[in-house]
Amino acid sequence: MEAAMDLMRRMPPSLSQQALDSLLALLPAHSSELLSRSDQPLQVAYDEEFDKHYLLCDYNRDGDSYRSPWSSKYKPELEDGVQPSPELRKLEQEANEVFAIYRDQYYEGGISSVYVWEPEDGKGFAACVLIKKDGSDGGDGRRGLLQEGAWDAIHVVEVKEDQERQMGHYCLTSTVMLALTTANRASGPFSLSGSITRQMESDISLEPGHLCNMGRLIEEMESKLRNGLDQVYFGKTKEVVFTLREPLGVMSASSHVGQTLQRMIVNDLAHSR
Amino acid sequence: MEDRISEEDEYEELADDQKVAIGKWFLLNAPPGQVSQVAKDVREVLMDERLYDQAAKEAFPEYNVKNMISLEMPDGSGQVLLTEFGQLDRSRYLDPRTASVAVVDHVKQVCTEVRPADDEDLPSAYVEGFRFSVDAALMKYVDDAFQGGECSVYCTKGKDVEKSGGEFELTVVICNSSYSPKNFRGGCWQSVWRVLINEELRTATLQGTISVNAHYFEEGNVQLESSRKFNDTVTLQDGKDAGTTIVHVIEHLESVYLSSLEVMVKSLFEVDAVWL
């Protein structure tokens with residue numbers, strides 16, 4: 001099993017779905033653990049009753065069925081599928097509404113889902129907030145630069161309450177998966193994909209309520225992640241390329257075509273923005 | 001998070017050849033420098049030595065050539081690059097620089113023997129003059145620009161051409177791969193340049209493909225993948241070394257590509273900022 005997880009970590013991010021499928025086929029007895037320990041781009045399902053989409057993850061899964069956060073029903077149908085307690089279900093419903101607004105504000109579209117459950121030790125509760133945004137051709141058509149631009153955010157927060165001191169302890173682990181591919185045919189295929197993970201812990205007064213606290217934490221986290229992405233996706237990968245091939249300073253071309261080509265590439269990129 | 005085990009839930013066992021195919025797929029896609037760790041993992045998940053050996057036997061020859069692995073030649077004459085251009089058969093590879101043939105064990109990734117090449121595998125003295133000149137200039141460029149990189153120049157067309165006998169083609173290959181787990185990074189740069197030389201017209205026509213893969217994995221896992229094709233023609237002037245002229249063009253185009261990568265990533269992020 002550890003060998004399988006090591007393989008998942010080593011395989012290039014663009015192949016991680018295929019890698020997971022292969023391991024699930026090879027080690028069916030470990031499928032539960034494999035699924036819970038790997039991050040994959042979120043899949044989408046449709047709730048006919050509420051005419052809304054929802055996201056699939058290990059936390060709303062029971063066997064091969066997934067529970068909708070809107071109707072709380074499983075698809076494919078399950079007679080006695082796992083359900084959160086009435087109290088947690090109420091929190092879950094509110095959370096879905098609140099985060100739908102958050103998502104609309106920040107992402108102008110996309111899909112979100114929140115699932116709440118009681119952790120194994122029975123203390124406090126846990127929730128995951130999922131957001132998926134597809135910024136490719138459809139959404140960004142007028143720019144035409146992105147062929148594929150997919151953002152998947154998974155925020156898992158564990159909450160413990162200290163009723164005496166009226167404080168909540170929130171532990172947030174967030175993963176953002178981002179895949180960007182250019183459509184600029186002249187420059188050849190180019191893609192940047194992968195994920196980054198960050199953690200945050202905080203003690204906050206229970207007064208504003210859990211939703212408010214969680215909302216603020218996640219907002220702060222997403223901004224951190226956004227900066228992290230900039231640093232990592234842009235900064236670090238550039239560094240890696242430079243260790244492979246050093247930039248040698250500007251050289252004048254010995255051929256006329258070389259200089260023309262350089263002008264063409266720069267114009268290309270400027271016009272496609 | 002729940003699992004159901006019912007009588008109908010019988011785990012479908014994969015057929016042997018399906019397992020070998022999966023093992024082979026993981027090996028083929030191992031990132032630069034990590035194939036031995038991936039091999040260790042594949043061995044464990046296949047849980048069958050026999051199946052692993054089969055997967056390794058099938059995967060390694062392909063992996064080594066695709067990743068342009070370089071192996072130490074036992075006679076101390078340097079490294080031999082394993083590429084499709086130098087491949088004589090499944091286990092023998094030509095090293096044009098030393099005019100020798102290296103025999104390799106793909107799975108062990110080791111060169112077991114070196115022999116001088118047969119005349120029929122080598123170009124004419126006339127073509128070799130050009131090949132040697134390009135190789136010399138190339139080695140200097142690779143030394144300057146690619147830390148730890150390897151390179152080679154093959155004659156891939158018209159190797160028997162004599163002076164005023166027509167065109168011939170040299171293929172220039174550069175490969176630099178690196179893996180540094182303590183710096184959480186790895187990657188590979190590969191360039192393949194087809195150079196068609198026409199001495200009568202005094203031209204060298206270049207067709208190149210550069211592919212880059214960069215991987216960073218601290219607190220996450222991010223990969224950049226890109227490739228680009230280039231075309232150019234240069235005049236070979238009297239009194240000017242052909243190798244220097246040709247490599248100068250390669251160096252320039254590769255520098256252009258490098259800066260275009262930077263611009264590309266930056267512009268993607270500007271778009272990204274809009275919808276996020």
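- Most heavy-atom pairs under 4.5 Å with chain B: of the set A/Leu7, A/Leu27, A/Val240, this distinction falls to A/Leu7.
- Per-residue heavy-atom pair counts under 4.5 Å with chain A were compared for B/Glu262, B/Gln147, B/His215, and the maximum is reached by B/Glu262.
- Summarising the geometry, atom CG belonging to B/Asp41 is positioned 12.0 Å from atom CE belonging to A/Met8; distances are rounded to the nearest 0.5 Å.
- Counting non-hydrogen atoms of neighbouring residues, nucleotides and ligands closer than 6.0 angstrom, the CD atom of A/Glu77 reaches no more than 12 such neighbours.
- Interface remark: A/Glu239 contributes no atoms to any contact with chain B (heavy atom separation under 4.5 Å).
- Counting heavy-atom pairs closer than 4.5 Å to chain A, the top residue among B/Gly23, B/Gly148, B/Cys188, B/Gly149 is B/Cys188.
- Taken from CD in B/Gln223 to OG in A/Ser193, the straight-line distance is 5.0 Å, to the nearest 0.5 Å.
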Side chain to side chain contact (heavy atoms under 4.5 Å, CB included) for A/Gln18 and B/Trp25? Distances and angles first, verdict last.
CA-CA 10 Å; A/Gln18 210 175 337; B/Trp25 182 84; 3.3 Å; yes
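- Each of B/Glu44, B/Glu218, B/Lys19, B/Arg185 has some count of heavy-atom pairs under 4.5 Å with chain A, and the biggest count is that of B/Arg185.
- Taking B/Gly187, B/Ser227, B/Ala30 one by one and counting their heavy-atom pairs under 4.5 Å with chain A, the maximum is reached by B/Ser227.
- Looking only at heavy-atom pairs under 4.5 Å with chain B, the residue among A/Asp6, A/Ile196, A/Thr243, A/Leu244 that has the most is A/Leu244.
- Heavy-atom distances place the side chain of B/Leu14, and not its backbone, under 4.5 Å from chain A.
- Of all heavy-atom pairs between B/Ala145 and A/Leu248, the closest is CB-CD1, 3.7 Å.
- Counting heavy-atom pairs closer than 4.5 Å to chain A, the top-ranked of the candidates B/Lys229, B/Gln37, B/Lys40 is B/Gln37.
- The candidate with the highest count of non-hydrogen atom pairs below 4.5 Å against chain B, out of A/Leu15, A/Asp39, A/Thr237, is A/Leu15.
- Scanning all heavy atoms of the two residues, the minimum distance from B/Val222 to A/Ser195 falls at CG2-O, 3.9 Å.
- When heavy atoms are compared at a cutoff of 4.5 Å, B/Glu254 approaches chain A by way of both its backbone and its side chain.
- For A/Thr175, no part lies under 4.5 angstrom from a heavy atom of chain B.
- Using a 4.5 Å cut-off between heavy atoms, A/Ser14 contacts chain B through both its backbone and its side chain.
- For B/Val212, the part lying under 4.5 angstrom from a heavy atom of chain A is the side chain only.
- For the options A/Ser16, A/Ala3, A/Ala19, heavy-atom pairs under 4.5 Å to chain B are most numerous at A/Ala3.
- Checking side-chain atoms of B/Asn221 against main-chain N and O of A/Gly194 turns up no donor-acceptor pair under 3.5 Å.
- In terms of heavy-atom pairs under 4.5 angstrom with chain B, the leader among A/Gly110, A/Ala25, A/Gly228 is A/Ala25.
- Neither the backbone nor the side chain of B/Asn183 comes within contact range of chain A, judged by heavy atoms closer than 4.5 Å.
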Under the side-chain hydrogen bond (donor to acceptor under 3.5 Å, both in side chains) rule, what do B/Ser191 and A/Arg245 come out as? Steps first, then yes or no, please.
CA-CA 11 Å; B/Ser191 8; A/Arg245 165 56 159 85; over 6 Å; no
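- In this structure, the side chains of A/Phe242 and B/Leu261 stay at 4.5 Å or more apart for every pair of heavy atoms.
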Assess the residue pair A/Phe190 and B/Glu225 against the criterion (side chain to side chain contact (heavy atoms under 4.5 Å, CB included)); give the C-alpha distance rounded to whole Å, side-chain angles, the decisive distance to 0.1 Å, and a yes or no.
CA-CA 6 Å; A/Phe190 177 86; B/Glu225 268 182 309; over 6 Å; no
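- Using a 4.5 Å cut-off between heavy atoms, A/Arg198 contacts chain B through its side chain alone, with no backbone atom that close.
- Chosen from A/Lys238, A/Arg10, A/Glu246, the residue pairing most often with chain B at heavy-atom distances under 4.5 Å is A/Arg10.
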